[in-house]
Amino acid sequence: MMRLLKVYTMKYNFNDIEAKWQKYWSDNQTFKASNSSDKPKYYVLDMFPYPSGAGLHVGHPLGYIASDIYARYQRHKGFNVLHPQGYDSFGLPAEQYAIQTGQHPAVTTDANIKTYRRQLDQIGFSFDWSREVRTSNPEYYKWTQWIFIQLFESWYNNDSNKAEDIKTLISKFSSEGNTTVNAACDDNIQPFTAQDWNSYSSEQQQEILLKYRLTYLAETEVNWCPELGTVLANDEIVNGVSERGGYPVVRKKMTQWSMRISAYAERLLQGLDTIDWTDALKETQRNWIGKSVGATVKFPILSFPNGEENASSKTPGYMTGGNNSHLLIERAQDMRANPTPAESALWYELRGKKLNAKFRQQHLINDFIVDFVCLDRKLIIEVDGKIHDNQIEADALRTQRLENDGYKVIRFRNEEVLRDTNNVLEEIKRQLSQRKSLKNEKVLPPGKDLGWDKNSGLEISVFTTRPDTIFGVNFMTLAPEHELVSQITTPDRKEAVEAYIEKTAKRSERERMADVKTISGVFTGAYAEHPFTKEPVQIWIGDYVLASYGTGAVMAVPCGDQRDYDFANHFGIDIPNIFEGVDISEEAYGSKDNVKIANSDFLNGMNYKKASKRAIYELENIAQGEGKTNYRLRDAVFSRQRYWGEPFPVYYVNGMPQMIDKAHLPIVLPEVEKYLPTEEGEPPLGRAKKWHWLQYGDDVKIVSKEAFENSSPLGRLGGELELNTMPGWAGSSWYFFRYMEDAMRKDTFASEEALSYWENVDLYIGGSEHATGHLLYSRFWVKLLKDRGFVNVEEPFKKLINQGMILGTSAFAYGFGVGLKIKNEEKIPEAVEKGCKIISKYIIPKESYEKAKSGEYAGLVESVINKKMLELKDYGLDAEFDEELSTFIPFHVEVEYVNSSDELDVEAFKKGSRYKGLEIDEIFTEEEGVYKVGRDVEKMSKSKYNVVNPDNIVADYGADSLRLYEMFLGPLEQYKPWNTAGITGVHNFLKKMWKLYVGETGLNVNEVEPTKDNLKTLHKTIKKVAEDIENFSFNTSVSTFMIAINELTAQKCTSKDILEPLLVLISPYAPHIAEELWSQLGNSDSISTTAFPIFDSSHLVESSKNYPISFNGKMRFTLELPMDMNKEAIEAAVLANEKTIAQLDGRTPKKVIVVPGKIVNIVG
RNA sequence: GCUGAAGUGGUGGAAUUGGUAGACACGUUGGACUUAAAAUCCAAUGUCCAUUAGGACGUACGGGUUCAAGUCCCGUCUUCAGUACCA
């Protein structure tokens, strides 16, 4: 019995050791952080998980292991370490499960959290669980709601460059109005005076304030996902479909809460320079914020004189803009039948190509009836009677519009025609000769000085990053959705424009994105005036202009922008060149560099920088533009039509949102019977019958929705409740502050002392997929909390590392569905009756599969076919092989049934559910009776049957092996495939290590003096491991440990002076075995706060060096020489060596390079 | 298209400032132990030539700088990631 026990203790029994120390840590609260300490603080944080039903797979703990190693290392280094963990427990999957099963999401979530906790505990993390947070806990989301109210009660003052209390804005309004306020706000703000403000009703005031608040209610075009029944933020959409589920997303207008994150665009951008994140991640955020510096330019729209409408009403049918072309045609016929004498006379001269040009009389051009027209030459002849004098203006306008379409209009008076017919004909001939055939000509730009009314009151504002190219503008393009399109489109273009808008609206975002090459657009018929040249500029619409960026309009500079260039080319618009010495015959010159501006009046000869500055100056001078910085960052939609999220602390009175007093928080999520929207289309909260609500006095009462809504409008009551909930990122935007408290405090989200002690996160580890979501929103909320004086840091995460993903190694089997054509079909029913199976599916070896797929039905596959045919024959069926009917598919098999040699455990696989689902008839193995699977690296996922559960790994190899192996796989940031077979490497290392400490006969460590080699091994390990941890190069330290243990084993080291400090080095990586051996060496305390060993370089000093001797750069042999030998002596020693002589083979070296302590290179 | 990262044995990956390429493992092969298997231990393992001794080639490809290049420079290709008509 004793002997047995002894043997047992000699063995590395990882399961017992790990359970023992996990219990010890938990019982002794070893990793509970204190909020007061003499030690410096260090805050290590992981991105907290969403507790999904599937539990953890081996990929999930990767980042946690890395951060745990760092946290443990920092404890050894003497820091007071905060290393908490919690759960981002609001989320879609629990809600969808609730919709399917009726189980409350809280119940699902709790169960999932239990699994997570068990799985996390068994890996031996040094988390301080006393600070655990759950975002779905009312005590937690109370403060999420509280922060929401803070946002509502804040506005962003661009002058002080920070958020301020809304009260300061109100007092400004009531004393100065809004004209002196420089705030981040909606762009449709009307100026008002203090007097105006004070005369507004409460509702009017609230409406205005809403345009300034940092969270505001607005009708916005949102990304609506019908399948999920909710809106999504931009970062929740990937390639035009929802990130979760991959459902289509459409644009829809809805009233939603939004977060004015755009107010912080510049600070979010600047802040990136102050934090230690990877360049890739910073770049992603920079792109997302999308700052561009340039100018806005206002182009006044030229419009027709006001007489237009009147003229048309005075003379019905003569001019009209409506849809009554049939009336016009009737009228034209009428006029043709009843010509005036002058018309009649002229028609006699023009008809029948008498002037070598075909003329038509009383012809409809667009919306006008013209007297005579030659369509080919686009020449119009008007013969005016007395009526013309009454409508000179209208006729001039008519002329202009016709000329805009490329027509030339010439006018004669009745008397002229009748009196001087020949002169008139001469003039017509002259005009005809000047106008060549215009059949295929595109729309021409009109001439100067059209005399149009510039005071249409309309203008188009554009944003450009190239104000220096302003003189290159010869048209503009609006997004089809641009609000001015319908107002400026001329009647004659209306049909075309509307058709185009309809066409583009039909195209989904996705189609529009996929089809970048096709150029499309349409002319609106309208013109704007160039701010400097005063030339008219055509206004087009085109879908290459996005409504959501800038002002939804661009000034087109075809010579300087490829898209404008292509557009101009496509529609035959001129491409004026404003660059000196640049060839634009092939493509636009898009670069800002190495070019001077030409043909640009006051900008001539200037470079980009100078010209931009000057252009902005001149624009500001004439009040038609200004310098402007534009950001791509959009305000974030904050409402979700879901149940499982934070309820808003909001109700509405007369349609205006009111905050529930902070004293009444939390507003607890009410119970509902179903987790679906109501029949009326309200979010699920609309089903709630009872709301927890503090109503009267200080008592908490449970009130029904109806009771609330029907209550007196006095005080807080009356109105409607907000039925949306907050998005997933609400709770995760501030959780790192909540961890700073010792317990769940009710009076504050985190105390001032805690906040000032822990400040912010020193090291944050998590996935890069949160780059434009969580990591940006958190930064935004922290800046707000800082501005409002609740925290004292500007950034939440000082250093951030993105761990790479661990990929799965999927296993494939190859299916062959035998396709046989049955010749005597009539016998099928009879055969089936007897139990014949017509269709059979087999698993065949990969090689056979590939041959068969390429049409070679040899060997195995042929025998399979024959076998099936014989089987059918037994049932009286004649069959022949038909390739068309056959199927070949590789499919995933569960990786747990595959061993390290890629061999499938056929028996186990047959028992599994996957096999049953596939209804395989037989598995054909290879000659040795094994089935080898195919392999491929893919994302780890249930549907690919390649998920490896850490529970099994821990049970088979232990947590320390798992921790070491995850680190050993490769660099932390890198994507790398998981291969369970490889874990034996690190597991063997731990066994070897155990053996070194605990020998055959018991503990093998004594007080013997360490040897020089022992010390050398220890100290080079100390040096390397410390460097590695500080560089987050965890994979290389694992190798270093292996080398150290291999060396010490070879040295037969038993010295406590070596083996004890070595445990501290290994402890962050493999804490259980380190603790166990540490205690076996006689220590009573946990190893976790033992000081990290100090590196002593004196142990690494060598007396000799094994010099590599190379010839022409190629190493041939090595030579051991004393370290203190000088250059000359080394050279002499090397040259005298017989191997050198043999290498040189009689040649004399041209040159000998000696780098003492490094290398010798002989040239020659 | 643009931006960023990367490309090294059968596999994962090492290689400090340019200085012995392939550390450390996995896998494979051979051997020891065993009735056998597992476990463990030992040896070999970049490719090619050669019995050996040894030699040639070799870090995606093509050039260059250097006594010396996986590493620095120029060009090309490929892969991955992000982003996409951003005016």
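The chains referred to below are lettered A, B, ... by the order of the sequence lines, with proteins before strands, and numbering in each begins at 1. Reckoned from all heavy atoms, side chains included, excluding hydrogens, waters and symmetry mates.
- Between A/K1024 and A/E1027, none of the side-chain N atoms (NZ, or NE/NH1/NH2) sits under 4.0 Å from a carboxylate O, so this pair counts as no salt bridge.
- A/V1155 comes within contact range of at least one nucleobase, with a heavy-atom separation under 4.0 Å.
- The minimum heavy-atom distance linking A/I261 with A/L633 is given by the pair O-CD2, 3.9 Å.
- Proximity note for A/R632 (side chain, C-beta onward) versus B/rC86, B/rU20, B/rG13: the nearest is B/rC86.
- Residues from residues 1029-1046 of chain A with heavy atoms under 4.0 angstrom of RNA chain B, sorted by number: A/N1035, A/T1036, A/S1039, A/M1042, A/I1043, A/N1046.
- B/rU40: Watson-Crick or G-U partner is B/rA32, with both key distances under 3.5 Å.
- The P atoms of B/rG7 and B/rC61 are separated by 13 Å, rounded to the nearest whole Å.
- Looking at the side chain of A/A981, the nearest of the listed nucleotides B/rG13, B/rC26, B/rC24 is B/rC26.
- Between B/rG62 and B/rG70, the distance separating the two P atoms is 14 Å to the nearest Å.
- Nucleotides B/rG46 and B/rG22, compared at atom C1', are 8 Å apart to the nearest Å.
- Spacing between B/rU11 and B/rU3 at atom P, rounded to whole Å, works out to 32 Å.
- Side-chain contact between A/W277 and A/Q285: present, with at least one pair of heavy atoms (C-beta onward) separated by less than 4.5 Å.
- Comparing B/rA87, B/rU20, B/rU3 against the side chain of A/M1115 picks out B/rU20 as the nearest.
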Are any protein N/O atoms closer than 3.5 Å to N/O atoms in nucleotides 38-44 of chain B? If there are, list each pair with its distance.
unit_1 : atom_1 : unit_2 : atom_2 : d
B/rU40 : OP1    : A/N988 : OD1    : 2.8
B/rU40 : OP1    : A/K991 : NZ     : 3.4

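- Base-pair partner of B/rC61: B/rG75 (Watson-Crick or G-U wobble, both distances under 3.5 Å).
- Across all strands shown, B/rA15 remains unpaired; no Watson-Crick or G-U wobble contact has both distances below 3.5 Å.
- Inter-residue side-chain proximity for A/F571 and A/W540 is flagged as met; some heavy-atom pair is nearer than 4.5 Å.
- A heavy-atom distance below 4.5 Å is found between the side chains of A/E966 and A/W978.
- As rounded to the nearest Å, B/rA53 and B/rG58 have P atoms that lie 23 Å from one another.
- Between A/Y589 and A/Y565 there is no side-chain heavy-atom pair separated by less than 4.5 Å.
- In this structure, B/rC80 forms a base pair with B/rG4, meeting either the Watson-Crick or the G-U wobble geometry with both donor-acceptor distances under 3.5 Å.
- OP1 or OP2 of B/rA87 sits under 4.0 Å from a side-chain N or O of A/S292.
- At the phosphate of B/rG1, neither OP1 nor OP2 sits under 4.0 Å from any side-chain N or O atom of A/R563.
- Minimum atom distance to the side chain of A/K976 is reached by B/rG13, of the listed B/rG82, B/rC57, B/rG13.
- Figure legend. B/rA68 is base-paired to no nucleotide; pairs are counted as Watson-Crick or G-U wobble with both atom distances under 3.5 Å.
- Base pairing analysis places B/rA53 opposite nothing; no Watson-Crick or G-U wobble pair with both distances below 3.5 Å involves it.
- Under the 4.5 Å side-chain criterion, counting only non-hydrogen atoms from C-beta, A/T524 is not in contact with A/H482.
- For the OP1/OP2 pair of B/rC67 and a distance below 4.0 Å, the side-chain nitrogens and oxygens of A/K1151 include at least one atom meeting the criterion.
- Comparing the C1' positions of B/rA14 and B/rC26 gives a spacing of 15 Å, expressed to the nearest Å.
- As judged by a 4.0 angstrom heavy-atom cut-off over every strand, A/D561 is placed among residues making no nucleic acid contact.
- Comparing B/rG13, B/rG12, B/rA87 against the side chain of A/L969 picks out B/rG12 as the nearest.
- A/L972 has its side chain within reach of A/L62: a pair of non-hydrogen atoms, C-beta onward, lies under 4.5 Å apart.
- Rounded to a whole angstrom, the distance from the P atom of B/rG54 to that of B/rU59 is 24 Å.
- No hydrogens or angles considered: nothing links the side chains of A/S262 and A/Y631 as a donor-acceptor pair under 3.5 Å.
- For A/Q974, a side-chain nitrogen or oxygen approaches OP1 or OP2 of B/rG13 to under 4.0 Å.
- Distances were taken from every side-chain heavy atom of A/I1159 (C-beta onward) to each of B/rG27, B/rU20, B/rG13; the shortest belongs to B/rU20.
- Of the listed residues (A/F968, A/F14, A/W994), just one forms a ring-ring contact (aromatic ring centres under 6.0 Å, His included) with A/H987, and that residue is A/F14.
- Across every strand in view, B/rG10 sits in a pair with B/rC26 that passes the Watson-Crick or G-U test at under 3.5 angstrom.
- A side-chain donor-acceptor contact under 3.5 Å links A/N1161 and A/S1110.
- The main-chain N or O of A/I575 is never found under 3.5 Å from a side-chain atom of A/N474 such that the two would form a donor-acceptor pair.
- B/rU76 sits 27 Å from B/rA68 when the P atoms are compared, rounded to a whole Å.
- When distances run from any side-chain atom of A/T465 to the nucleotides B/rA87, B/rG19, B/rG13, the shortest one goes to B/rA87.
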